[in-house]
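We name chains A, B, ... by the order of the sequence lines, and we start the count at 1 in each one.
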Amino acid sequence: MTAELSAEAPYRPEPLAPLLELRGVNKSFGVVHVLHDVDFAVYPGQVTALVGDNGAGKSTLVKVIAGIYGRDSGDYLFEGAPVHVNGPRDVAGLGVEVVYQDLALCDNLDIVQNMFLGRELRKGIVLDDMTMEDRARETLASLSVRTVKSVRQSVASLSGGQRQTVAIAKAVLWNSRIVLLDEPTAALGVAQTRQVLDLVRRLADRGLGVVLITHNMNDVLEVADRVTALYLGRVAADVPTENVNHKQIVELITAGRSGDLGIRDDAAATI
Amino acid sequence: MSIQTPAPTPTDTAKVADSDFTGDNRSSATIGDAARDYLNRLRGGDMGSLPALLGLVVLFAVFGLSHDKFLTTYNLTNLVIQAASICVLAMGLVFVLLIGEIDLSAGVAGGASATITALVMIDHGWSWWAAVLAALAIGAVIGLAIGSLVSLLGIPSFVVTLAFFLALQAVPLKLIGSGGSLRFNDEVLRGLSIKNVPVTAGWIAAVLLVVGFAGLTLWQHRSRVAKGLVHKPIALVALQLTVFAGIVLGLTALLSQNRAVNPNVFNISGIPWVAPVVIVLLLLWTFVLTRTRFGRHLYAVGGNAEAARRAGINVTRMKITAFVICTSMAAISGILAASYTGKVSPGSGGGNVLLYAVGAAVIGGTSLFGGRGRAIDAVVGGLVIATIPNGLGLLDQASYINYIVTGGVLLLAASVDAISRRRRSAAGV
């Protein structure tokens with residue numbers, strides 16, 4: 001009962017091999033079968049938008065990628081080779097960073113302290129604050145972050161967009177290869193959304209694989225290179241963004257199919 | 001389909017780095033800018049130890065004006081000795097408050113530890129250091145038990161430590177017996193309170209402390225300037241160093257005077273030994289909190305435990321360690337209290353000891369809501385709290401007044417904490 005994926009082979013233009021790939025992943029919680037034979041790929045230098053309605057399995061898929069959830073079946077490939085993933089640390093070791101929706105920053109610490117939280121640099125047993133400050137500043141500058149006044153500002157004093165920026169900068173600080181962003185623009189205003197989307201684009205331009213989990217079609221059409229739509233735990237489509245329009249993506253999200261794209265009726269019927 | 005954002009070229013990056021962090025390049029900032037910054041922080045609710053310092057000034061003015069003995073060196077030395085056990089207990093509590101928990105049993109844990117210390121010295125002839133180690137071990141075990149119940153079972157720390165508060169009072173009662181007391185007259189431990197550092201040695205230590213602090217501060221300032229990192233204006237650094245040197249050397253001068261009631265017959269002078277004990281603990285915990293990974297993680301757990309967990313910090317272990325440190329410090333505090341009174345009784349560490357210490361930490365600027373606090377807060381706040389019973393005692397006030405005033409001060413400090421927290425979240429400082 002594999003979902004038939006149309007529009008796959010003829011449209012894929014990139015010569016690149018996927019950086020990270022999941023093949024035929026299944027995941028159940030008790031009797032609830034959340035992910036059905038999900039194939040998912042992240043390409044270097046591209047923004048892959050992961051879209052889907054509430055309950056489509058986006059969060060579960062992200063947590064499987066992040067190593068928080070195990071897989072019931074299916075393969076986890078990194079740079080084409082199967083890897084053994086046993087928990088978030090293994091995934092971080094591969095250079096995959098997740099920026100969660102609720103940001104996971106400590107308000108009482110400053111930007112530098114947050115960016116190095118859990119991975120502080122030390123000289124002997126003493127924290128090497130100067131090097132950390134230097135590197136935090138370099139990272140923010142290399143992302144062309146223009147909005148933060150001082151890297152010694154406490155995170156509590158930052159706006160939503162700035163906090164998102166710090167969370168993303170924290171993820172790229174460690175020369176990561178892949179960054180997963182969970183609803184990065186959900187709570188932001190227009191100007192701040194702009195900043196974050198620009199930043200997302202710059203990450204991809206630096207050669208990182210970026211996964212953007214979002215509800216917002218404008219974000220998808222603006223910044224994503226590929227769209228992977230989930231529908232009730234199945235991949236409804238995995239297409240280059242230029243081949244779909246707003247209406248098609250919405251149909252893929254809400255009905256699982258749009259024209260010749262998406263899950264065939266007989267497959268959908270068995271869900 | 002994607003928007004075209006050109007990748008930043010190296011020159012772009014360099015320009016950005018220079019122009020974006022103008023706020024960091026404070027080398028040209030004047031002391032006026034620093035003062036304005038400080039005022040902004042105050043307005044935003046970041047008060048630090050300021051309420052405690054103001055309180056200290058007010059208390060000294062009131063008691064100094066109403067009793068002529070209050071400002072004598074004899075009484076001020078007494079105040080230092082009385083404050084020591086409160087400061088040490090409050091320093092321990094800072095760790096627990098930092099992670100957003102409370103330890104109501106720390107006072108009686110100190111009493112129980114002091115009982116054991118006295119018993120093993122009297123009944124078993126242990127030397128003082130072995131007895132102190134035993135007390136520390138007992139403190140650590142109690143902290144381990146509390147921490148495990150709080151972080152592994154998830155019982156609120158308020159309930160766990162309230163239970164320990166009740167149960168631990170049984171230890172001295174059983175070992176000493178109702179109405180009895182154990183003498184605490186070990187040469188060294190009792191000497192902490194009744195003996196003084198030789199005047200010359202005291203001066204040498206004070207000068208070393210000032211020189212060491214100044215050297216470290218200036219060295220850090222220079223390397224920050226050299227690397228172009230955030231730094232304070234040099235004038236502010238100089239001012240801070242001057243104030244620090246003034247306080248340390250001034251107190252040393254004060255305590256080095258002969259304070260005997262009959263100075264022609266006796267010579268009582270020098271810093272009481274408890275002061276260096278408190279200072280060493282203060283330096284140790286300040287270093288741990290500000291310069292080590294453990295300290296940074298403690299602040300993170302207090303600020304946002306979920307973020308700390310996602311950053312790979314073992315939150316459970318951090319919480320248990322905080323309780324272990326707290327109760328171990330409580331054991332030291334219990335020994336200092338016993339050293340002051342010269343005895344251990346079943347009531348040691350009970351009563352308002354714990355609330356004094358919580359009050360001290362909070363007045364000093366440690367937040368009851370977690371994530372904010374320093375070791376120095378405990379010392380400054382401890383001095384404020386110790387001044388109240390000291391001054392009221394001189395004024396021959398009934399002890400009920402003491403309870404009311406201390407309770408009021410604790411409530412006041414908690415209000416300042418809550419209000420400044422609200423202002424902080426509004427101002428986002």
When the 4.5 angstrom heavy-atom criterion is applied to A:Leu109 and chain B, the contacting part is side chain
Ranking A:Asp134, A:Asp128, A:Val126, A:Val155 by heavy-atom pairs under 4.5 Å to chain B gives rank one to A:Val126
Review point. Is the CZ atom of A:Arg119 crowded by more than 12 outside heavy atoms at less than 6.0 Å?
Key: yes
A:Leu117 vs B:Arg310 side-chain heavy atoms within contact, under 4.5 Å: no
Distance col, row A:Leu105:CG vs B:Asn304:CG, nearest 0.5 angstrom, shows 8.0 Å
Heavy-atom nearest pair, B:Ser223 first then A:Met130, reads OG-CE, 3.5 Å
**Prompt:** Does B:Arg224 come within less than 4.0 Å of A:Glu133, counting only side-chain N to carboxylate O?
**Reply:** yes
*asked:* Is it the case that atom NZ in A:Lys247 sees more than 12 heavy atoms from other parts of the structure closer than 6.0 Å?
replied: no
Nearest heavy-atom approach of B:Ala307 to A:Cys106 is CB-SG, 4.0 Å
Residues passing the side chain to side chain contact (heavy atoms under 4.5 Å, CB included) test with A:Val91, sequence neighbours excluded, are A:Tyr76, A:Val85, A:Val96
Note to self: I'd like to know if the side chain of B:Arg293 and the backbone of A:Glu120 have a donor-acceptor N/O pair within less than 3.5 Å.
What the structure shows: yes
Identify every side-chain donor-acceptor pair in residues 281-292 of chain B under 3.5 Å, counting partners at least two apart or on other chains, and give the distances.
{"unit_1": "B:Thr286", "atom_1": "OG1", "unit_2": "B:Leu282", "atom_2": "O", "d": "2.6"}
{"unit_1": "B:Thr290", "atom_1": "OG1", "unit_2": "B:Thr286", "atom_2": "O", "d": "2.7"}
{"unit_1": "B:Arg291", "atom_1": "NH1", "unit_2": "A:Asp129", "atom_2": "OD2", "d": "3.0"}
{"unit_1": "B:Arg291", "atom_1": "NH2", "unit_2": "A:Leu127", "atom_2": "O", "d": "3.3"}
{"unit_1": "B:Thr292", "atom_1": "OG1", "unit_2": "B:Val288", "atom_2": "O", "d": "2.5"}
{"unit_1": "B:Thr292", "atom_1": "OG1", "unit_2": "B:Gly295", "atom_2": "N", "d": "3.2"}

- Should B:Leu229 and A:Arg137 be marked as a side chain to side chain contact (heavy atoms under 4.5 Å, CB included) after you check the CA-CA gap, both sets of side-chain angles, and the distance that decides it? CA-CA 9 Å; B:Leu229 302 176; A:Arg137 185 193 300 257; 4.1 Å; yes
